[in-house]
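This is a predicted model, so every value here is computed, not measured. Ligands are counted one by one from 1 in listed order, and the atoms in each one are counted from 1 as well.
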Amino acid sequence: MTEPALIKGNTSSAKVWGQFILAIATAQSELALCHAVADYLPQFIPADRVSVTRLISDGKAFEVFVVNGEKQVLAEGEQLPFDQVNLQAVIKTQRPHLTQIHPDSPYLDLAELAKQGIVMTISVPLNVLGQTIGSLNVAAKTMLLDHPDIIELIEQIATLLAMNLERQSLYDQTQFAMERYRSYTDQLRILNEIGCQLSAAVTKAEVFDTISQAISQVINVDRVSYAVPMDDVQGFQIFRFSGNNYIPTDIVIPAAGSGLEHTYQTGRPTFFDLSDQRYSEHRILASFGLKVGWSVPVRISNQIIGILNAASSRTDLDGQEQLDLLTTLGGLMGATLERIAVQDEAAMILKEIAYQARYDTLTNLPNRALFYQQLEDALAAGQSNDQQLAVLFIDLDRFKHINDTLGHTIGDKLLCAIAKQLQQIFPSSDTVARLGGDEFVVLLPQINHPQAVAQTAQTILTALETPLQVDGHSIFLGGSIGISLFPAHGTTPGTLMKHADIAMYHAKEQGRNNYQFYDAKLSTRLQRRIAIEHALRDAIANDELSLVFHPQICLTSGNIEGLEALVRWKNSALGSIHPDQFIPIAEESGLIEALSDWVLDQSLDTIKRLRRSHPELYVAVNFSAQEFSSVTSFLNRVITTLRKHQLPASALELEITESVFLQAEATTKQLMQALKAEGIRIAIDDFGTGFSSLSYLVNLPLDILKIDRSFIHRLGHDPRNDGIVRGTIEIAKSLGMACVAEGVETLEQLSQLQQLGCQCCQGFLFSKPVPASELDALLQQDLNPLMTTS
Ligand code: C2E
Ligand code: MG
Ligand code: MG
């Protein structure tokens, strides 16, 4: 069992994030900034290469500015013509651009990256002071980048980079503005201090303090304040000030008639003569002897978020010159506040990503990855303290059925309710985790005796027996629990989990709603069954399934009328596994629908191709009885797939065994009638081996009976057996159904069947099941050996 490697979230990510923020905050040049971003990004996301490219030559080319990771191609300093690279799209659209790379891409950059095994890139524009200066680019050798959280994080970090580049350039401008105050000999020292402090600031208060300190050092002021508009902009409040407490922070300054409102509305930096008493708050300041004041708007993305103010009791100040300086500092303040906001947002996303990598989003319980980590820690502690511990593997007994009948929404709510129940049973020191689906696991880190574990398991079972109320349904589930103990049953997380899993299957076999301890004697059969179930989960994705087709021959014409699709599975570790072995496992573990969907889709694909030369040909697809339990979903699946392949209903036949009649008759009847109305034919497979009641043959709209191959096998050896075959053929005839004999291996069987009036046969005598590639040749042959010999 491997952990999902989607996102690199772990306990240390917050620490690395802190280091990253520090690195960009203390970077003193554009190059150092870009390096910090390129170097840290692969620690947060699955990236194999990070680069920053800059537009040069009036936008006619890109220059690779900084690279981290795969450096063999598109190296630092390399120049790329704008029109020949995929990167141009980022500049043109001004949006993040995700590209899946094809090795034969016409774009220079993509073709180069493909050579290094890169399959996906994301590029985000870098906008500095309203201009796109280049892009931040992330490339990876896996498709894992294509995840909304990752893309959002890259965007945030690109914004962060852009803002820091902007800060760097504003800093240069400030330096320019300050140079005019030649009289201040220590101006450079002050400026350096502001630069360092601002880039390290993480709160609004720290930013203000730095700015106000700088103002006080450069201009002779008595008070500096920062006012923010209230939510309704009906008033302002002093967020923070330095100097005298003339207007405290808890007072609301009404907007009407205030100097703040004047600056807010005009959006312009303003120098005020406080003695003219025009504005309300100026009258207060004037009453304390202040003579002049300056107010400058502070903006984030062109929106005024606050007003920076200074006031002085001196009368000899040249207001305009100081206003220039304050304006620059106001700009620096806005840029810094914006940088902090983006930084906080990015940190939130990262936290969310890290959380999702370790917690189950539905129930908020730890997920498999975190559980493994906790188990590992507990094992290490157990080993050093000589402590036993237990792993309890819990599988809900009837969950699949509830999900199918009441729907996924209720299923999800049920899982949350179960999670709550389990959390109530276990205090925080014991871990309850959800592994996925309806599987939960509990870690008991300190146990003295297996008897205590047994009691705990019983407590869980009793809790699961209590009906849960979900959306007006009273649902009873029950569970099966498997237990493994450290050190008796294993010393690593892997073996303890595997053995608890095996014990859980044993509990299921024992009739569910019970618990079992792992026992080394538990059959290897059980182990194989579990291995099959685990491997089967990935069989479709890993392309391990294939189909063979078995012809159904019309005895009167000698032609192939239809083909039965039979699934085959070959797994690299388990070898070839027979459908009789894995189909029941697929049914029990809830994988059958996905498997059937795959078979149906592939079968229709093949038959579509063959019908170009054989327009009447149909394909018979096997379905499991349990798939018939939901009328609309089954009907939808079949009809949607037929439509997808643009095939008429007559191209498909459904094979289903008699066990379908063990289910609620009303539902089965409803579904069969709906299928019939669509024109889809239904065959009863393995007829005679299962639930033998003839009444359903009369009541349900069935089209075909397939006589099981065990009857055909005994044909001619046992008169009673022959009687059953004859009877079945007669019943089919009298009910207007077709009849197919399965498993015809000899000429004797064939001629007897022909005498009994059977119209259609299937068996090794005609052909073995063959892969789709051999069907064209097979369809050319005349397959009835009796016809060709006669
Ligand atoms: P089935 O639907 O009754 O399929 C007929 C089985 O009988 C096939 O075995 C076929 O190879 C075998 N057979 C046909 N003619 C002869 C013959 O002359 N002699 C002998 N000895 N055998 C013959 P296969 O492919 O192993 O399939 C076994 C069962 O697995 C199928 O029985 C069906 O119940 C299930 N199965 C196969 N594919 C699928 C599928 O895609 N979905 C589902 N739900 N079940 C499937
Ligand atoms: Mg069949
Ligand atoms: Mg059969």
Side-chain angles (χ1 to χ4, degrees), residues 532 536 539-540 544-553 560-570 576-607 618-629 634 637-638 641 652-660 681-690 702-715 738-750 752-753 758 760-772 774 778 783-785:
I532 290 180
L536 196 55
I540 296 181
E544 295 173 359
L545 297 182
S546 61
L547 287 184
V548 287
F549 295 87
H550 204 201
Q552 299 183 340
I553 287 103
I560 296 178
E561 289 195 314
L563 298 161
E564 180 177 3
L566 296 162
V567 67
R568 295 290 176 262
W569 178 28
K570 191 167 181 186
S576 291
I577 302 149
H578 196 261
D580 283 339
Q581 222 180 351
F582 69 82
I583 295 288
I585 296 177
E587 287 173 348
E588 277 172 40
S589 54
L591 299 167
I592 190 70
E593 287 192 5
L595 186 137
S596 293
D597 284 344
W598 183 87
V599 172
L600 181 64
D601 187 54
Q602 297 290 311
S603 305
L604 292 185
D605 191 50
T606 301
I607 209 72
Y618 63 86
V619 66
V621 176
N622 293 283
F623 282 91
S624 287
Q626 71 181 60
E627 293 178 79
F628 267 51
S629 63
F634 184 83
R637 286 163 57 201
V638 173
T641 322
L652 178 65
E653 194 173 289
L654 307 184
E655 291 197 9
I656 192 97
T657 61
E658 289 164 293
S659 53
V660 75
R681 292 186 311 280
I682 304 167
I684 290 299
D685 203 353
D686 305 345
F687 182 74
T689 58
L702 301 167
D703 303 280
I704 301 127
L705 279 189
K706 292 189 78 176
I707 311 172
D708 188 63
R709 62 174 186 268
S710 58
F711 298 103
I712 309 302
H713 187 68
R714 291 197 293 269
L715 212 56
C739 190
V740 179
E742 257 195 322
V744 183
E745 292 183 349
T746 66
L747 283 170
E748 292 74 42
Q749 290 164 353
L750 176 61
Q752 283 211 22
L753 284 164
C758 181
C760 185
C761 284
Q762 192 180 338
F764 293 175
L765 176 65
F766 310 99
S767 162
K768 289 252 163 127
V770 299
E774 293 173 28
L778 197 68
L783 288 180
N784 184 346

Under 3.5 Å: donor-acceptor pair, side chain of [X], backbone of [Y]:
| X | Y | value |
| --- | --- | --- |
| Asp703 | Ile682 | yes |
| Ser596 | Glu593 | no |
| Glu627 | Ser624 | yes |
| Ser767 | Gly763 | no |
| Gln749 | Glu745 | yes |
| Gln552 | Cys760 | no |

Checklist entry - In Glu655, which N, O or S atom comes closest to the Mg ion (ligand 2)? => result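 Nearest to the Mg ion (ligand 2) within Glu655's N, O and S set: OE1.
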Next on the checklist: Between ligand 1 and Pro579, is the shortest N or O to N or O distance under 3.5 Å?
Outcome noted: no
Checklist entry - His550 and side-chain hydrogen bond (donor to acceptor under 3.5 Å, both in side chains): which partner among Glu564, Gln762, Glu742? => result Gln762
State the atoms of ligand 1, each with its element, that fall below the 4.0 Å cut-off from a heavy-atom position in [X].
| X | result |
| --- | --- |
| Glu745 | 17 (C), 18 (O), 19 (N), 20 (C), 21 (N) |
| Gly763 | 15 (N), 18 (O) |
| Gly743 | 15 (N), 16 (C), 17 (C), 18 (O) |
| Val599 | 41 (O) |
| Arg568 | 25 (O) |
| Val744 | 18 (O) |

Item to check | NZ/NE/NH1/NH2 to OD/OE distance under 4.0 Å, Lys706 and Glu653 | outcome: no
Next on the checklist: Looking at non-hydrogen atoms alone, which of Glu742, Gln762, His550 comes nearest to atom 15 (N) of ligand 1?
Outcome noted: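 Of the listed residues, His550 has the closest heavy atom.
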Checklist entry - Heavy atoms only: which of His578, Arg709, Gln749 is nearest to atom 26 (O) of ligand 1? => result His578
Item to check | Three-point angle Asp685:OD2, the Mg ion (ligand 2), Asn622:OD1, rounded to the nearest 10° | outcome: 90°
With a heavy-atom distance limit of 4.0 Å, tell me whether [X] approaches ligand 1 through its side chain, its backbone, both, or neither.
| X | answer |
| --- | --- |
| Ile583 | side chain |
| Leu566 | both |
| Pro769 | side chain |
| Glu564 | side chain |
| Asp685 | side chain |

Checklist entry - To the nearest 0.5 Å, what is the distance between CG (Leu750) and CZ (Phe766)? => result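 Interatomic distance, Leu750 CG to Phe766 CZ, rounded to 0.5 Å: 4.5 Å.
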Next on the checklist: Looking at the Mg ion (ligand 2), is there an N, O or S atom belonging to Glu564 that lies under 2.8 Å away from it?
Outcome noted: yes
Item to check | Geometric cation-pi criterion, Arg714 with Phe711: 6.0 Å, 45° | outcome: yes
Next on the checklist: Angle between ring planes, Phe634 versus Phe628, binned at 30° and 60°: parallel, tilted or perpendicular?
Outcome noted: tilted
